[in-house]
Asker: 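Pasting in a structure now, in structure tokens, and then I'll have a few things to ask.
Letters A, B, ... are given to chains in the order of the sequence lines, protein chains preceding strands, and every chain is numbered from 1.
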2 protein chains.
Amino acid sequence: MKDLTPATQKFILHWGEMGTKWGINRTVAQIHALLFISERPLHAEEICGTLGVARSNVSNSLKELQNWGIVKVTHLPEDRRDHFESMKDVFEMFRVIITERKRREIDPTIAMLRECVEESARETGLAAVHTRQRLEQLQAFFELGADFYEKVNRLETPTAVRLFRMGDKLFRLLGLKG
Amino acid sequence: MKDLTPATQKFILHWGEMGTKWGINRTVAQIHALLFISERPLHAEEICGTLGVARSNVSNSLKELQNWGIVKVTHLPEDRRDHFESMKDVFEMFRVIITERKRREIDPTIAMLRECVEESARETGLAAVHTRQRLEQLQAFFELGADFYEKVNRLETPTAVRLFRMGDKLFRLLGLKG
DNA sequence: TCTGGATTTCTGTAAAAACAGAAACGAGAG
DNA sequence: CTCTCGTTTCTGTTTTTACAGAAATCCAGA
């Protein structure tokens, strides 16, 4: 890791580890961390040099980050090479990430649960009833979460931030505490 | 996969895949799915037979699930063997999972960010200032999320469910829409 | 203390993922 | 058209993770 301050290095390494724990390739996460913290767009070669990984690896990882929608290509005048930059707004960035994970993983899970519930409704026997009830509970939970997310997602960022900040006041206002 | 209805099989397989995408071992996730959907506690041998995995694998996976806190050991009269059962309440279950992930991954990340911000505050130069600002934004985001979670977590389950159900009404009540 | 079932730990193997380097491909400049 | 610089795809290797089977340990009852 060349030309990085100790703090930056520590951040990039930790972010890479975080990635692996959440099912994201370590290198992908590291490149994301690097681009996020960099004040200017970087080209692939720079990323190779800084992180010490192969060119092809960087190329594939960058494509992955673009698929996630949190890294974009830009071009600088007088330079034919692609340059890459991460989204800067943290809140927006996580909004994008969560939306994408919902699309890729949560929505298909809800669909699967729907199918399983249907299927087990057609099966007979006491066991099938139990199974169906369990699956329905799971389905209800995921649907509740998904709906809530959709609603929050429709808010403008500052509005959403305010919502999350409210806390105690929020609960009191809604008379939920009792 | 012996003695399972098609719906149950589909569910267990999907849940296993979900696991891998979220950094959970496939077998661990499958065993969890099996125990979740089972109406009675199972012993290790049954799990082996049903899922077709080795005894040792089941043993380690069960320990992992117990570390997560979503599977517990029980004993049946007239049977020396350990029996295992998953939490049944879906909402509680995810509360436990999220709490654990926060403890393992989010809290250490916040600590790391704090350290990095401190370190980069001691460094000089324009670049260091930029770095620090980025890290501070990230830190603020994580702290906001963590605080909000703590608050929701303190609510009784039915209260929290009501909160998530409110949706539109909620936003209007708070005058957030504008 | 000994015994038999039950569980965990250890060790080598198999499978999967990550990765580097080379080759192929593409786009703009001359 | 072709040469050059840059990017992507392909292929084989390395590393990591998951896993099975064997060995060791544990525990209750005799």
Asker: OP1 or OP2 of D/dT9 versus the side-chain N and O atoms of A/Ser56: is any pair under 4.0 Å?
Answerer: no
Asker: Between P on C/dG26 and CG on A/Asp82, what's the gap in Å once rounded to a whole number?
Answerer: 15 Å
Asker: What integer distance in Å separates B/Leu62:CG from C/dT9:C1'?
Answerer: 15 Å
Asker: Could you tell me the separation between the CZ atom of B/Phe84 and the C1' atom of C/dT8, rounded to a whole number of Å?
Answerer: 11 Å
Asker: I need the NE2-P distance between B/His75 and C/dA6, as an integer number of Å.
Answerer: 11 Å
Asker: Does D/dT8 have its OP1 or OP2 closer than 4.0 Å to a side-chain nitrogen or oxygen of A/Ser59?
Answerer: yes
Asker: Quick one, A/Met93 with A/His32, criterion side chain to side chain contact (heavy atoms under 4.5 Å, CB included). Give me CA distance, side-chain angles, the key distance, then yes/no.
Answerer: CA-CA 11 Å; A/Met93 192 167 78; A/His32 173 238; 3.4 Å; yes
Asker: Between P on D/dT15 and CG on A/Asn57, what's the gap in Å once rounded to a whole number?
Answerer: 14 Å
Asker: Any side-chain N or O of A/Lys63 under 4.0 Å from OP1/OP2 of D/dT7?
Answerer: no
Asker: Which nucleotide in the list D/dA18, D/dT9, D/dT7 gets nearest to the side chain of A/Arg55?
Answerer: D/dT7
Asker: For A/Arg26, which contact category applies under a 4.0 Å heavy-atom criterion: base, sugar-phosphate, or nothing?
Answerer: nothing
Asker: Starting at the 5' end of DNA chain D and moving along, which residue's nearest nucleotide shows up first, A/His83 or B/Val58?
Answerer: A/His83
Asker: Could you tell me how the ring of A/Phe91 sits relative to the ring of A/Phe164: parallel (under 30°), tilted (30 to 60°) or perpendicular (over 60°)?
Answerer: tilted
Asker: When the distance from CG of A/Leu65 to C1' of D/dT7 is rounded to whole Å, what number comes out?
Answerer: 16 Å
Asker: Roughly how many Å is it from CG in B/Asp79 to P in C/dG5, rounded to a whole number?
Answerer: 13 Å
Asker: Rounded off to whole Å, could you give me the CZ-to-P distance for the B/Arg80 and D/dA28 pair?
Answerer: 8 Å
Asker: Using heavy atoms to find the nearest nucleotide of DNA chain D for A/Arg81 and A/Asn60 separately, return the residue whose nucleotide is more 5′.
Answerer: A/Arg81
Asker: Is A/Glu143 atom CD crowded by more than 12 heavy atoms from other residues, nucleotides or ligands, each under 6.0 Å away?
Answerer: yes
Asker: Between A/His43 and A/His83, what is the ring plane arrangement, given parallel below 30°, perpendicular above 60°, and tilted in between?
Answerer: perpendicular
Asker: Under 3.5 Å, is there a donor-acceptor pair between the side chain of A/Arg132 and the main chain of A/Arg122?
Answerer: no
